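Below is one structure; the comments refer to it alone.
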Amino acid sequence: SFYVNPEETMNMFNFGHEIGSHTINHVRLADLSEEEMRNEIFTSKAEIESVGVPEVETFVYPFGNFNDVVRQAVIDAGYVGARSVFAGYNTKNSDKFSLKDQHVESDVTVEQIKSYIDRALADKTWLILELHATDYSGDRYSNTPETLQSVVYYLIQNNVKVVTTKEGIALMGQ
């Protein structure tokens, strides 16, 4: 299955992965009624917490689709921050509910990813790498295990501090 089950979710959490929310049905939130939109945001958080994740505190807008009403609902649901799909880097002054990232799709090379990392290091900014799937499907939103391993080696080689979204948001306040 493409989706993880409750046991897999808890295994990832127990190994130190942050578990965030992304809605129930992966819908364009700004296109829904306010009631439907709030249900997607609040229920996804509650369902993940119901399997044992103690606090789901970060959110990713499906398709990057949000507006001020959606942003406020994410805040109302108790999230500490949310990621958009706007390309870029984050600073301590970035909007915690519109965090930027760099997409790593099938046509992005390891050298390009290294350049994202190098720029973040040089500019002292926070880089969020967005990797959807790591497999051999060749799908637009995938990358190979070798690509991911090369990135991990590069991060280690350059002593890059890797943080979860929640940790990065906390560091923004310092």
Side-chain angles (χ1 to χ4, degrees), residues 1-5 8-9 11-23 25-31 44 48 53 56-67 70-71 74 79-172 174:
S1 169
F2 181 75
Y3 299 101
V4 295
N5 63 40
E8 292 167 326
T9 300
N11 284 340
M12 288 187 296
F13 177 78
N14 291 330
F15 275 105
H17 292 271
E18 177 179 348
I19 308 297
S21 180
H22 196 48
T23 70
N25 297 301
H26 201 266
V27 291
R28 295 181 184 279
L29 293 169
D31 297 345
S44 64
I48 296 168
V53 176
V56 176
E57 297 186 285
T58 57
F59 188 83
V60 176
Y61 304 105
F63 310 102
N65 180 259
F66 73 103
N67 57 24
V70 172
R71 182 184 182 282
V74 169
Y79 296 96
V80 298
R83 184 177 58 74
S84 71
V85 294
F86 302 132
Y89 301 81
N90 301 286
T91 69
K92 66 178 184 174
N93 298 317
S94 294
D95 179 353
K96 294 175 186 174
F97 292 91
S98 183
L99 296 170
K100 297 175 182 162
D101 71 4
Q102 291 292 345
H103 308 288
V104 179
E105 297 178 359
S106 61
D107 62 345
V108 176
T109 67
V110 171
E111 292 308 312
Q112 286 173 290
I113 301 166
K114 288 179 180 180
S115 75
Y116 301 155
I117 295 166
D118 292 342
R119 178 173 173 194
L121 290 170
D123 295 346
K124 295 183 175 29
T125 55
W126 175 26
L127 166 64
I128 298 173
L129 290 173
E130 177 189 337
L131 295 91
H132 268 92
T134 300
D135 58 32
Y136 295 106
S137 70
D139 179 78
R140 174 182 172 191
Y141 297 107
S142 71
N143 58 76
T144 66
E146 291 80 11
T147 297
L148 179 58
Q149 189 63 65
S150 294
V151 171
V152 170
Y153 285 147
Y154 193 72
L155 293 168
I156 292 168
Q157 191 176 45
N158 287 280
N159 296 314
V160 176
K161 181 177 183 175
V162 176
V163 298
T164 65
T165 303
K166 179 182 167 184
E167 291 168 337
I169 291 166
L171 289 169
M172 290 171 72
Q174 297 180 3

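None of the values given here were measured: they were computed from a predicted structure.
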Report task. Only counting residues at least two apart or in another chain, list the ones meeting salt bridge (Lys or Arg N to Asp or Glu O under 4.0 Å) with Glu18. Result -> none
Query raised in the report: Say you draw a straight line from CD of Gln174 to NZ of Lys92; how long is it, rounded to the nearest 0.5 Å?
Result: 10.5 Å
Requested in this report: Quick one: which residue pairs count as a side chain to side chain donor-acceptor pair (under 3.5 Å) with a foot in residues 115-125, not counting sequence neighbours?
Outcome: Asp118-Tyr154, Arg119-Asp123
Query raised in the report: Listed by chain and number, what are the salt bridge (Lys or Arg N to Asp or Glu O under 4.0 Å) partners of Lys114, not counting sequence neighbours?
Result: Glu111
Report task. Could you note down all residue pairs passing salt bridge (Lys or Arg N to Asp or Glu O under 4.0 Å) where residues 142-167 supplies at least one of them, sequence neighbours left out? Result -> Glu57-Lys166
Requested in this report: Could you tell me which residues satisfy ring pair (Phe, Tyr, Trp, His ring centres under 6.0 Å) with Tyr141, sequence neighbours excluded, listed by chain and number?
Outcome: His132
Query raised in the report: Between Ser142 and Asp135, is there a donor-acceptor pair closer than 3.5 Å when you use the side chain of the first and the backbone of the second?
Result: no
Query raised in the report: Is there a side-chain hydrogen bond (donor to acceptor under 3.5 Å, both in side chains) between Ser21 and Ser44 once you walk through the steps?
Result: CA-CA 6 Å; Ser21 180; Ser44 64; 2.5 Å; yes
**Report entry** Centroid separation Phe15 to Phe13 less than 6.0 Å
**Finding:** no
Query raised in the report: When rounded to the nearest 0.5 angstrom, what is the spacing between OG1 in Thr164 and CD1 in Ile169?
Result: 8.0 Å
Requested in this report: Would you please classify the geometry between the Phe63 ring and the His26 ring as parallel, tilted or perpendicular, with 30° and 60° separating the classes?
Outcome: perpendicular
Report task. Enumerate the residue pairs fulfilling side chain to side chain donor-acceptor pair (under 3.5 Å) with a member in residues 97-110, sequence neighbours excluded, ordered by first and then second residue. Result -> Arg83-Asp101, His103-Glu130, Glu105-Arg140, Thr109-Gln112
